[in-house]
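Just below is one structure, and these are the notes that go with it.
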Amino acid sequence: MSKRLETYRVTAFNTARQSENKMHDDTVARRFGFAGGLVPGVDVMAYMMHLPVRHWGRDFLERGLIEARFVKPVYDGEDTVVTGSESDGVMTIEVESRGELCATGSASLPGFVLSLAPADCQDVAAVAERRPVTANSYEIGRWLGTVPRTWGDEAAGDYLADIRETDPIYARDGLGHPGLLQRVMNKVLVDNAILGPWIHVGSRMQLLAAARTGDELTARAKVTGNYEKKGHRFVELDALVVGNGITPLAHCQHVAITQPRERAAA
């Protein structure tokens, strides 16, 4: 029997207006048929994570599984509603804004998690010199690295404020929000090519350990897909996010449109 969970409401915030990705800029996003700059998909996914963390607590941060697919944009300042229901240990999650379904996903707490070690993935540096993105920038089978990133106490607190997260577990236990791991996954793309406007369309993340505030985060990613569909260039990644060079934190699959089709002029 399905159990309805308490609804989570958040006022969406575009954290990336000043980023290199101009799909978060109102003027540029309108060229691609959107009403304005998109709230980053990784932040919408962070809104979704509120439900399983509230439901399962630290257990979810240590071994939870979450999947998300973004079907319509969420815009800055909009009331965003995250709903969920649980049946047989699987939580179904939906995100609505403007009365429209914007994202779907699921979360669970697997009884067994396949063990992965950093040695299972090639440890390579991000490219020394980024070049403008082409269809060949992310070749299938290629391993990609990231520039190490750290969110210390102040930066971690700012991040929680940006995603409107008020669950006390992060500050109380000194834990990093798993949405930060998704940001690192975006950096796999950003650190290895100069992208134009691009869109994160979906992710699957199996958490392997709870990240700590101040951990140095990197990703070891393999390109598993690179194809054109309806005029868009899609890239798929399979990666291990690692803390401090030794601790496997999450196994992630990440899908993005790295070269979207621009809307035809009227």
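For the numbers below, each heavy atom of this structure counts, side chains included, while hydrogens, waters and symmetry mates do not.
A donor-acceptor contact shorter than 3.5 Å links the side chain of Asp120 to the backbone of Ala117. Put simply, the side chain of Asn192 never gets that close to the backbone of Ala126: no donor and acceptor are under 3.5 Å apart. Counting only distance, with no hydrogens or angles, the side chain of Gln206 and the backbone of Gly64 share a donor-acceptor pair below 3.5 Å. Here the side chain of Arg63 pairs a donor or acceptor atom with the backbone of Pro110 at under 3.5 angstrom. For Asp76 (side chain) and Asn14 (main-chain N/O), a donor-acceptor pair under 3.5 Å exists by modelled atom type. No donor-acceptor pair closer than 3.5 Å links the side chain of Arg4 to the backbone N or O of Thr83. With Asp215 contributing its side chain and Leu217 its backbone, the two residues share no donor-acceptor pair below 3.5 Å. Under a 3.5 Å cut-off, the side chain of Thr134 and the backbone N or O of Pro132 do not form any donor-acceptor pair. Side chain of Asn244 to main chain of Ile246: no donor-acceptor pair is present (N/O by atom type, distance under 3.5 Å, no hydrogens or angles). A donor-acceptor pair under 3.5 Å is formed between the side chain of Tyr75 and the backbone N or O of Ala35.
Residues Glu165 and Tyr159 bring no donor and acceptor atom of their side chains to less than 3.5 Å of each other. No hydrogens or angles considered: nothing links the side chains of Thr15 and Asp162 as a donor-acceptor pair under 3.5 Å.
A distance of 9.0 Å separates CG in Asn186 from CG in Asp43, rounded to the nearest 0.5 Å. The line from CG of Leu207 to NE2 of His251 is 12.0 Å long, rounded to the nearest 0.5 Å. Distance check: Cys252 SG to Ile66 CD1 gives 11.0 Å after rounding to the nearest 0.5 Å. Here CG of Asn136 is found 7.5 Å from CG of Asn226. Values are rounded to the nearest 0.5 Å. Note that the NE2 atom of His232 and the OG1 atom of Thr258 stand 11.0 Å from one another [nearest 0.5 Å]. To the nearest 0.5 angstrom, Leu240 atom CG is 6.0 Å from Leu116 atom CG.
No side-chain heavy atom of Ile257 sits less than 4.5 Å from a side-chain heavy atom of Lys229. With contacts defined as side-chain heavy-atom distances shorter than 4.5 Å, the pair Ser203/Met185 does not qualify. Side-chain atoms of Thr92 and Ser87, non-hydrogen and from C-beta on, never get closer than 4.5 Å to each other. In this structure, Pro178 and Tyr170 have side chains that are in contact, with non-hydrogen atoms separated by less than 4.5 Å. Side-chain contact between Val133 and Tyr138 is present, with heavy atoms from C-beta onward closer than 4.5 Å. Val39 places none of its side-chain heavy atoms less than 4.5 Å from the side chain of Phe13. A 4.5 Å side-chain heavy-atom check between Val74 and Leu38 finds every atom pair outside the cut-off. Between Cys102 and Pro73, the closest side-chain pair of non-hydrogen atoms is not below 4.5 Å.
By the side-chain hydrogen bond (donor to acceptor under 3.5 Å, both in side chains) test, Asp153 pairs with no residue at all, sequence neighbours left out. For His254, the ring-ring contact (aromatic ring centres under 6.0 Å, His included) partners two or more places apart in sequence, or in a different chain, are His200. Listed by chain and residue number, Asn21, Lys22, Met23, Val28, Phe32 satisfy the side-chain contact (heavy atoms from CB on, under 4.5 Å) test with Pro197 (two or more places apart in sequence, or in another chain).
Heavy-atom minimum distance, Ala103 versus Met48: CB-SD, 4.1 Å. Listed here is the closest heavy atom pair of Ser137 and Arg142: O-NH1, 2.7 Å. In this structure, His24 and Ser19 approach most closely via the heavy-atom pair CD2-OG, 3.7 Å. Considering all non-hydrogen atoms of both residues, Ala210 and Leu175 come closest at CB-CD2, 4.1 Å. The two atoms that bring Glu20 and Leu195 nearest to each other are OE1-N, 4.3 Å, heavy atoms only. Contact record, Ile93 with Pro52: CD1-CD, 4.1 Å, taken as the closest heavy-atom pair.
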| request: Kindly determine whether Met49 and His177 satisfy side chain to side chain contact (heavy atoms under 4.5 Å, CB included), including the steps that lead there. | output: CA-CA 9 Å; Met49 292 179 200; His177 192 286; 3.9 Å; yes
| request: Report the C-alpha separation of Arg17 and Asp26 in whole Å, then their side-chain angles, then the decisive distance to 0.1 Å, and conclude whether the side chain to side chain contact (heavy atoms under 4.5 Å, CB included) test is met. | output: CA-CA 8 Å; Arg17 283 189 184 277; Asp26 290 341; 3.5 Å; yes
| said: Between Val10 and His50, does the side chain to side chain contact (heavy atoms under 4.5 Å, CB included) criterion hold? Intermediate values first, please. | reply: CA-CA 10 Å; Val10 60; His50 182 87; over 6 Å; no
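By the 4.0 Å N-to-carboxylate-O rule, Asp238 lies too far from Lys222 to be salt-bridged with it. Salt-bridge annotation for Arg212 and Asp173: absent, with no side-chain N of the basic residue lying under 4.0 Å from a carboxylate O of the acidic one.
Under a cut-off of 6.0 angstrom, the local environment of CZ in Arg130 is crowded, with over 12 non-hydrogen atoms contributed by other residues, nucleotides or ligands. The environment of CZ in Arg131 is sparse: at most 12 heavy-atom neighbours from other residues, nucleotides or ligands sit within 6.0 Å. Sparse packing is recorded around CZ of Arg69, with 12 or fewer heavy atoms of other residues, nucleotides or ligands lying under 6.0 Å away.
Ring-plane geometry between Trp56 and Phe60 is classed as parallel, the angle between the planes falling under 30 degrees on a 0 to 90 degree scale with a further cut at 60.
Grouping the Ile, Leu, Val, Met, Phe, Trp and Tyr side chains by contacts below 4.5 angstrom, directly or via other members, places Val53 apart from Val81. Grouping the Ile, Leu, Val, Met, Phe, Trp and Tyr side chains by contacts below 4.5 angstrom, directly or via other members, places Leu51 apart from Val42. In the hydrophobic clustering of ILVMFWY residues, with side-chain heavy atoms under 4.5 Å counting as a link, Leu5 and Leu61 come out together.
Checked options Val242, Val184, Leu181; the residue passing with Leu249 is Leu181 (criterion: side chain to side chain contact (heavy atoms under 4.5 Å, CB included)).
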